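Numbered from 1 within each chain, the chains take letters A, B, ... in sequence-line order. For the numbers below, each heavy atom of this structure counts, side chains included, while hydrogens, waters and symmetry mates do not. Everything numeric in this text was worked out from a predicted model, so none of it was measured.
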Protein chains: 2
Amino acid sequence: MAEIDFDGPDPIYRQLADVLKSRIGDGVYPPNRKIPSEAALCSEFDVSRNTVRAALRILAGLGMVRPVVGRGVFVIPPEVKEP
Amino acid sequence: MAEIDFDGPDPIYRQLADVLKSRIGDGVYPPNRKIPSEAALCSEFDVSRNTVRAALRILAGLGMVRPVVGRGVFVIPPEVKEP
DNA sequence: GGAAATTTGTTCGTATGTATA
DNA sequence: TTATACATACGAACAAATTTC
């Protein structure tokens with residue numbers, strides 16, 4: 001069940017991005033809702049904040065999340081994604 | 001007199017924690033009283049609020065202070081500390 | 001009572017340095 | 001050299017409880 005393989009071939013931040021993508025796709029993190037804070041993700045996966053942010057940058061680049069200062073990171077509904 | 005060595009071997013937040021611990025031990029910040037606000041400590045030591053809070057987190061972890069929202073950070077008397 | 005200021009709590013944004021492969 | 005990962009530090013904005021006027 002180890003979602004992150006620290007000795008795996010893929011970088012941690014990319015593995016983490018995949019995990020978060022799956023959780024969004026599976027509705028674990030529902031649309032228009034906040035995902036856990038960067039600090040919470042650091043704790044859950046036992047990685048640094050920089051690594052969490054590297055993963056989140058991938059999801060933001062895919063238009064899956066939108067970070068807001070002082071609020072959190074929100075899941076963007078698929079319908080709203082730019083074609 | 002430089003209580004904080006910005007180029008020292010220890011991180012600023014840990015040095016600041018030591019300074020505050022000394023002030024509590026010396027009675028500069030008496031038991032059951034408030035220590036200066038985070039903003040005041042930022043000004044006095046010329047560090048960011050995050051750094052002040054990192055130092056205060058250390059003291060809180062040691063049971064030396066207790067922060068209260070909207071009120072301030074209070075010094076816990078040694079007699080009250082759990083043995 | 002009410003509005004404004006104060007104070008701690010939380011969260012993301014950015015930058016730098018260190019270490020490793 | 002580049003990419004990865006962690007630690008540190010400052011900045012900004014928002015939130016909630018309390019105090020002050």
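Between the NZ atom of B/Lys34 and the C1' atom of C/dT7 there is a distance of 8 Å, given to the nearest Å. Atoms CD (B/Glu38) and C1' (D/dT18) sit 14 Å apart, rounded to a whole Å. Rounded to whole Å, atom P of C/dT20 lies 16 Å from atom CG of A/Asp7. The CG-C1' distance, from A/Leu16 to D/dC6, rounds to 15 Å in whole Å. Counting to the nearest Å, the C1' atom of C/dC12 and the CZ atom of A/Arg66 are 12 Å from each other. One interatomic measurement links the two molecules: CD1 of B/Ile35 to C1' of C/dT8, which rounds to 11 Å at whole-angstrom precision. Atoms CD1 (B/Ile4) and C1' (D/dT8) sit 14 Å apart, rounded to a whole Å. Residue B/Phe45 contributes atom CZ, which lies 14 Å from atom P of D/dA9 at whole-angstrom precision.
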Go through B/Val75 and B/Asn32 one step at a time and tell me if the side chain to side chain contact (heavy atoms under 4.5 Å, CB included) criterion holds.
CA-CA 5 Å; B/Val75 177; B/Asn32 296 309; over 6 Å; no
Begin from the C-alpha positions of A/Gln15 and A/Asp5 and carry the test side chain to side chain contact (heavy atoms under 4.5 Å, CB included) through to its verdict.
CA-CA 8 Å; A/Gln15 293 184 58; A/Asp5 181 3; 3.6 Å; yes
Test A/Glu44 against A/Arg23 for salt bridge (charged side-chain N to carboxylate O under 4.0 Å, His left out), laying out the working first.
CA-CA 14 Å; A/Glu44 176 180 358; A/Arg23 289 186 180 182; 2.8 Å; yes
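Residue B/Asp10 places its CG atom among more than 12 non-hydrogen atoms of other residues, nucleotides or ligands, all under 6.0 Å distant.
For D/dA13, neither phosphate oxygen OP1 nor OP2 lies less than 4.0 angstrom from any side-chain nitrogen or oxygen of A/Arg71. In this structure, B/Tyr13 does not reach the D/dA9 phosphate: none of its side-chain N or O atoms is under 4.0 Å from OP1 or OP2.
Taking hydrophobic clusters as Ile, Leu, Val, Met, Phe, Trp and Tyr residues chained together by side-chain heavy-atom distances below 4.5 Å, B/Ile58 shares a cluster with B/Phe45. Under the 4.5 Å side-chain heavy-atom criterion for Ile, Leu, Val, Met, Phe, Trp and Tyr, A/Val28 and A/Leu56 are members of the same hydrophobic cluster.
Against DNA chain C, the stretch residues 47-61 of chain A makes heavy-atom approaches under 4.0 Å through A/Arg49, A/Asn50, A/Arg53.
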